[in-house]
Protein chains: 2
Amino acid sequence: MAHLTVSVEYGLHCLLWLAGSGDKPLSSRDLADFQGISHSFLAKIFPKLEKAGIVQASGGVRGGYLLARAPEDISVLQIVDAIEGRKPLFDCQEIRGRCAVFGGAPPEWATDGVCAIHLVMLRAEKAMRDTLASQSLADIGQTVAKKAPSHFSSDVEGWITARLSGRLGKPSTSSSGEEVLS
Amino acid sequence: MAHLTVSVEYGLHCLLWLAGSGDKPLSSRDLADFQGISHSFLAKIFPKLEKAGIVQASGGVRGGYLLARAPEDISVLQIVDAIEGRKPLFDCQEIRGRCAVFGGAPPEWATDGVCAIHLVMLRAEKAMRDTLASQSLADIGQTVAKKAPSHFSSDVEGWITARLSGRLGKPSTSSSGEEVLS
DNA sequence: CATAATGCGGACAATATCAGTCCGCGTTAT
DNA sequence: ATAACGCGGACTGATATTGTCCGCATTATG
């Protein structure tokens with residue numbers, strides 16, 4: 001049928017963590033390591049979210065990203081559009097005007113308005129987009145929170161704190177945050 | 001967002017003509033020339049429609065394709081699936097299980113059931129597919145028929161008749177059916 | 001029976017997109 | 001001053017899309 005890219009998947013997962021984390025900025029490296037995904041690739045995604053006004057970037061040594069709005073005010077559709085760039089589901093080639101009986105000069109009634117096939121696809125696209133628009137980051141976060149046991153939240157916070165404190169000042173001899181996992 | 005291929009567009013336009021035409025089989029060459037699209041490419045699409053039971057093929061010299069069912073009983077979704085092969089909208093990478101605090105061994109509660117993000121995408125996909133399933137080939141045909149003037153139907157029939165009679169027996173000195181256009 | 005027009009399938013090619021890496025630039029807290 | 005950031009461009013490999021071309025089997029027509 002079609003394909004939402006892994007960029008969207010990565011972006012959504014990261015934004016979910018940003019929504020759950022507090023007001024401390026998380027860098028794209030933090031988020032990549034935390035989820036076991038490529039940092040180089042994730043670094044190409046976040047600027048798109050920033051330009052769309054979904055996250056707020058802060059440069060420098062303790063910089064990173066924060067949500068620019070409340071999770072309730074960020075819909076899945078906005079995230080998808082920010083990352084994928086609002087590609088239409090169907091790209092009508094206007095084949096109706098090429099019909100041989102028109103001899104290269106289709107009459108107005110044939111090319112007027114939206115192609116009937118295109119119309120069906122536009123309706124399908126709208127149905128999909130409406131569904132995505134109806135779900136917010138907060139909604140997804142709630143679904144996730146319902147499954148996690150109580151200690152998970154502090155586990156995550158522990159990992160993040162260890163990571164942030166290890167960012168600067170500590171020489172980090174071999175690996176700076178892995179021992180938290182055991 | 002995503003993309004329905006031109007194969008789907010070609011297929012839909014062809015099936016629309018097959019629905020309007022009578023019980024005479026139309027070849028993929030007829031349909032390609034009639035609509036100004038590539039015959040070689042169209043020839044790759046029709047076997048998929050045949051295997052899906054949407055059209056019926058007849059080989060040999062006067063062969064071609066007929067609809068295997070009434071246009072009312074062929075949904076747009078069936079056509080899309082037949083041509084594109086039921087690709088999911090979203091391909092979940094199960095990122096939730098890679099969270100660093102799990103240390104490579106995610107607990108059951110984390111990977112149980114469908115990922116919350118995946119769930120949203122499945123709902124969006126279902127909304128799209130439901131819309132496509134609700135529209136039949138006959139519905140689209142009706143939309144088109146409402147726009148066309150009364151003489152168009154006989155124009156088309158004339159082109160087809162000329163094309164079919166020119167298929168065999170006539171030496172076809174230069175071009176066999178173009179003068180119909182004038 | 002010979003032939004020409006079918007459908008079918010595989011091989012091939014050109015282009016685009018996706019996923020991911022790498023590097024250099026400017027910025028900023030320590 | 002430096003190290004950790006974000007940002008952007010160049011580059012690469014894999015895969016999908018859009019075609020083209022050829023050969024094979026089948027079948028109505030002459």
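We use all heavy atoms of the structure for the numbers below, so side chains are in, but hydrogens, waters and symmetry mates are not. Reminder, nothing fancy here: chain letters follow the sequence lines and each chain counts from 1. Note that this is a predicted model, so its numbers are computed, not measured.
Comparing atom distances between the A:Val6 side chain and each of C:dA19, C:dG7, D:dA16 picks out C:dA19 as nearest.
With sequence neighbours left out, A:Glu94 forms a side chain to side chain contact (heavy atoms under 4.5 Å, CB included) with A:Cys92, A:Arg96.
For B:Lys87, a side-chain nitrogen or oxygen approaches OP1 or OP2 of D:dT17 to under 4.0 Å. Within the 4.0 Å cut-off from OP1 or OP2 of C:dG7, not a single side-chain nitrogen or oxygen of B:Lys51 is found. At the phosphate of D:dT17, neither OP1 nor OP2 sits under 4.0 Å from any side-chain N or O atom of B:Tyr10. Look at B:Ser28 and you'll find a side-chain N or O under 4.0 angstrom from OP1 or OP2 of C:dG7.
Here the C1' atom of nucleotide C:dA5 and the CZ atom of B:Arg163 are 11 Å apart, to the nearest Å. Between the C1' atom of C:dC18 and the CG atom of B:Asp91 lies a distance of 13 Å, rounded to the nearest Å. Put simply, CG on A:Leu164 is 13 Å from C1' on C:dA29, counting in whole angstrom units. Residue A:His3 contributes atom NE2, which lies 18 Å from atom P of D:dA14 at whole-angstrom precision. Rounded to whole Å, atom P of D:dG19 lies 11 Å from atom CD of B:Glu9. If you measure from atom CZ of A:Arg29 to atom P of C:dG20, you get 17 Å, rounded to the nearest angstrom. The interatomic distance linking A:Lys24 (NZ) with C:dA29 (P) rounds to 17 Å, in whole Å. Taking atom CD1 of residue A:Ile37 and atom P of nucleotide C:dT21, one finds them 11 Å apart after rounding to whole Å.
For the segment residues 38-49 of chain B, residues with any heavy atom less than 4.0 angstrom from an atom of DNA chain D are, sorted by number, B:Ser38, B:Ser40, B:Phe41, B:Lys44.
Scanning all heavy atoms of the two residues, the minimum distance from B:Val80 to B:Leu132 falls at CG2-CD1, 4.4 Å. Between B:Trp109 and A:Pro149, the shortest heavy-atom distance links the atoms CE2-CD, 3.1 Å.
Here the side chain of A:Asp130 pairs no donor or acceptor atom with the backbone of A:Ala127 at under 3.5 angstrom.
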Every protein N/O within reach of nucleotides 23-27 of chain C N/O, cut-off under 3.5 Å:
none

Sequence neighbours excluded and cut-off under 3.5 Å, please list the side-chain donor-acceptor pairs for residues 6-19 of chain B, or say none.
from, atom 1, to, atom 2, distance (Å)
B:Glu9, OE1, A:Gln93, N, 3.4
B:Glu9, OE2, A:Gln93, N, 2.7
B:Trp17, NE1, B:Gln35, OE1, 3.2

Show me the donor-acceptor pairs, under 3.5 Å and distance only, between side chains in residues 63-73 of chain A and residues at least two apart or in other chains.
from, atom 1, to, atom 2, distance (Å)
A:Arg69, NH1, A:Asp73, O, 2.7
A:Arg69, NH1, A:Gln78, OE1, 3.3

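The OG1 atom of B:Thr5 lies 7.0 Å from the CD1 atom of B:Ile83; values are rounded to the nearest 0.5 Å.
Aromatic ring centroids of A:Trp159 and A:Phe152 lie 6.0 Å or more apart.
Residues in residues 33-61 of chain A take part in these salt bridge (Lys or Arg N to Asp or Glu O under 4.0 Å) pairs, two or more places apart or across chains: A:Asp33-A:Arg163.
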